[in-house]
Number of protein chains: 2
Amino acid sequence: MGKPAAEAQTAQKSASNQPKTARGEATRKAILTAAERVIGEKGYNDASIGHITSEAGVAQGTFYIYFTTKEQVFSELVLEMGRLVRHTIAEATQDIDNRLEAEEAGLRAFLEFVQAHPDLYRIVQEALFVDPAAYEEYYRTFAEGYRSGLVAAEAAGQISKGDTETRAWALMGIARALGEQLVVFKSEKPIADLVASAYDLIANGIKP
Amino acid sequence: MGKPAAEAQTAQKSASNQPKTARGEATRKAILTAAERVIGEKGYNDASIGHITSEAGVAQGTFYIYFTTKEQVFSELVLEMGRLVRHTIAEATQDIDNRLEAEEAGLRAFLEFVQAHPDLYRIVQEALFVDPAAYEEYYRTFAEGYRSGLVAAEAAGQISKGDTETRAWALMGIARALGEQLVVFKSEKPIADLVASAYDLIANGIKP
DNA sequence: CTGAAACATGAATCAGTATTCATGTTTGAC
DNA sequence: GTCAAACATGAATACTGATTCATGTTTCAG
């Protein structure tokens with residue numbers, strides 16, 4: 001994982017649903033947090049508004065004060081995941097000049113993040129079916145930042161020459177597969193070991 | 001992608017729904033094919049039984065002669081994808097003794113398969129949410145075959161030593177990411193180019 | 001203090017759709 | 001040819017769950 005572009009606090013959500021008082025703010029966040037947990041655990045379709053609001057400790061109708069639709073809360077979670085992940089990786093790699101080292105640190109940060117937020121991870125995966133546009137945006141944004149990092153590293157002679165676009169996708173694929181090991185397959189292997197093996201593969205390949 | 005274990009034509013489906021005549025056989029297959037297309041396109045939840053049966057050209061009730069549940073037809077599609085993909089790769093790599101070459105040929109075969117069956121590809125992804133057991137089975141089976149291939153190659157000195165389990169997951173992750181490029185992101189890049197870049201990464205890594 | 005805007009409630013609405021079933025039609029073994 | 005088993009039909013059932021709404025309650029600017 002590399003150094004994706006940092007990012008501003010991003011746009012205001014769509015419609016007329018932003019809270020105007022501290023109480024509203026708190027309620028909205030409670031619903032969002034509950035949605036993350038419930039949707040992450042049960043999946044989009046089995047997570048009913050009732051489940052979400054009861055987990056949040058509010059009445060069902062309250063949901064529609066802050067969100068116009070079940071899909072909207074989902075999309076917002078996908079966006080949040082994107083922001084958080086990019087921020088996490090950017091922070092973990094900001095002081096590292098060498099690309100290969102940055103790759104290693106970024107991968108570690110990503111896996112730690114995923115382990116800490118398993119629900120968000122699953123939500124992004126499900127976005128392919130629930131909100132394809134958000135899914136594409138998530139990966140495209142990520143890939144672009146990644147790719148430009150590789151281009152710079154290539155120019156600086158820190159990595160060999162190659163097709164940076166395909167490399168970016170492949171490296172993201174590795175990160176994703178290892179994240180899935182942790183979250184979906186509940187692997188017990190320590191993150192440090194995963195990172196070490198993946199790093200060796202990324203740096204040296206597997207030829208004898 | 002490597003040489004997964006081959007496989008027998010696999011078990012009889014669960015309950016009492018196997019056709020007993022040629023007509024029944026044909027109808028069942030028509031429904032299965034329609035389900036593949038419709039579910040692949042609309043996703044599990046938006047694909048109603050009505051959509052599927054009308055695409056298949058049969059009445060709604062006919063569905064329940066051959067499948068006990070909407071989920072069952074989905075699971076069957078996931079299993080089918082597993083069989084097909086393993087078979088395809090096994091065939092593409094059976095005459096190749098060198099592991100790195102097998103890796104290349106297997107990846108190419110996988111990508112060609114995925115491009116030819118985009119619906120099946122999406123169905124497997126959605127299985128994580130619709131039928132997690134089938135999803136796990138799909139990837140576990142695949143990973144085991146993959147890993148044992150790597151172990152053999154390592155023993156034969158065809159690849160460097162390393163953590164074969166993590167390597168297997170990482171390599172599968174690369175294949176998956178590139179497949180997604182084709183199916184989800186509609187990349188125009190020729191498969192040959194994707195394979196060449198990925199092969200270079202897998203064999204040599206990216207260090208300068 | 002006060003009243004209008006914000007916020008909260010939860011029961012009712014309303015639509016979609018998986019599954020069942022009573023009723024035909026077709027097939028193939030004998 | 002015949003008839004029981006297979007197969008097919010599509011309307012009816014049954015249930016789930018997103019969204020709305022009429023009715024309170026709380027907040028806070030002035």
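Proteins get letters first, then strands, A, B, ... in listed order; numbering begins at 1 in each. Any value given below was found using the heavy atoms of this structure, including those in side chains, with hydrogens, waters and symmetry copies removed.
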Trainee: Would you say B/Thr62 places a side-chain N or O within less than 4.0 Å of OP1 or OP2 belonging to D/dC7?
Mentor: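 For D/dC7, OP1/OP2 do not have a side-chain N/O of B/Thr62 under 4.0 Å.
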Trainee: Report the distance from atom CZ of A/Arg28 to atom P of D/dT27, rounded to the nearest whole Å.
Mentor: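 Atom CZ in A/Arg28 sits about 20 Å away from atom P in D/dT27.
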Trainee: Round to a whole Å and report the spacing from CZ of A/Phe63 to P of C/dG10.
Mentor: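 That distance rounds to 17 Å.
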Trainee: For B/Ile49 and D/dG10, give me the distance from atom CD1 to atom P, rounded to whole Å.
Mentor: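 In whole Å, D/dG10 P lies 16 Å from B/Ile49 CD1.
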Trainee: When the distance from NZ of A/Lys20 to P of C/dC7 is rounded to whole Å, what number comes out?
Mentor: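 Between P of C/dC7 and NZ of A/Lys20: 7 Å.
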Trainee: Among the candidates C/dA18, D/dT19, D/dA8, find the nucleotide nearest to the side-chain atoms of A/Gln60.
Mentor: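 Output: D/dT19.
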Trainee: I want to confirm an ordering. Mapping B/Thr21 and B/Lys70 to their closest nucleotides on DNA chain C, which one lands closer to the 5' end?
Mentor: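 By nearest-heavy-atom nucleotide position, the 5'-most residue is B/Lys70.
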Trainee: Of all the nucleotides listed (D/dT26, D/dT19, D/dT9), which has the minimum atom distance to the side chain of A/Arg23?
Mentor: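 Shortest atom-to-atom distance from the side chain points to D/dT26.
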Trainee: Would you call A/Glu76-A/Arg28 a salt bridge at under 4.0 Å N-O?
Mentor: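 Between A/Arg28 and A/Glu76 there is a salt bridge, with a charged N closer than 4.0 Å to a carboxylate O.
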Trainee: Using atom CD1 of B/Ile65 as one end and atom P of D/dG10 as the other, report the distance to the nearest whole Å.
Mentor: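 Atom CD1 in B/Ile65 sits about 12 Å away from atom P in D/dG10.
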Trainee: Would a distance-only check, ignoring hydrogens and angles, find a side-chain to backbone donor-acceptor pair under 3.5 Å from B/Tyr44 to B/Glu71?
Mentor: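 Side chain of B/Tyr44 to backbone of B/Glu71, a donor-acceptor pair under 3.5 Å: yes, one is there.
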Trainee: Looking only at the side chain of A/Tyr66 (C-beta and beyond, no hydrogens), which of the listed nucleotides C/dA8, C/dT9, D/dA18 gets closest?
Mentor: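 Of C/dA8, C/dT9, D/dA18, C/dA8 is nearest to the side chain of A/Tyr66.
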Trainee: Does A/Thr27 put a side-chain nitrogen or oxygen below 4.0 Å from OP1 or OP2 of C/dA8?
Mentor: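 Answer is yes, contact under 4.0 Å.
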Trainee: Over how many whole Å does the gap from B/Phe67 atom CZ to D/dC7 atom P extend?
Mentor: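 Checked: the CZ to P distance equals 13 Å.
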Trainee: Salt bridge or not for B/Arg147 and B/Glu154, using N-O below 4.0 Å?
Mentor: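 Here B/Arg147 does not pair with B/Glu154 in a salt bridge, since their nearest N and O are not under 4.0 Å apart.
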Trainee: Just to confirm, is there a sub-4.0 Å distance from OP1 or OP2 of D/dT20 to any side-chain nitrogen or oxygen of A/Tyr64?
Mentor: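 No, no such contact exists.
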Trainee: Distance-only, no hydrogens or angles: does the B/Thr53 side chain make a donor-acceptor pair with backbone N or O of B/Gly50 under 3.5 Å?
Mentor: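 Side chain of B/Thr53 to backbone of B/Gly50: a pair is present.
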Trainee: If you look at every strand shown and take non-hydrogen atoms under 4.0 Å, does A/Ser48 touch a base, only sugar-phosphate, or nothing?
Mentor: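 Counting heavy atoms under 4.0 Å across all strands, the contact made by A/Ser48 is with sugar-phosphate only.
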Trainee: Expressed in angstrom and rounded to an integer, what is the separation of B/His51 atom NE2 from C/dT17 atom P?
Mentor: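 Those two atoms, NE2 and P, are 7 Å apart.
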Trainee: Taking NZ from B/Lys29 and P from D/dC7, how many angstroms apart are they, rounded to a whole number?
Mentor: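 Checked: the NZ to P distance equals 15 Å.
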Trainee: Under 4.0 Å between a side-chain nitrogen and a carboxylate oxygen: does that hold for A/Glu180 and B/Arg176?
Mentor: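 Answer for the salt bridge query: yes.
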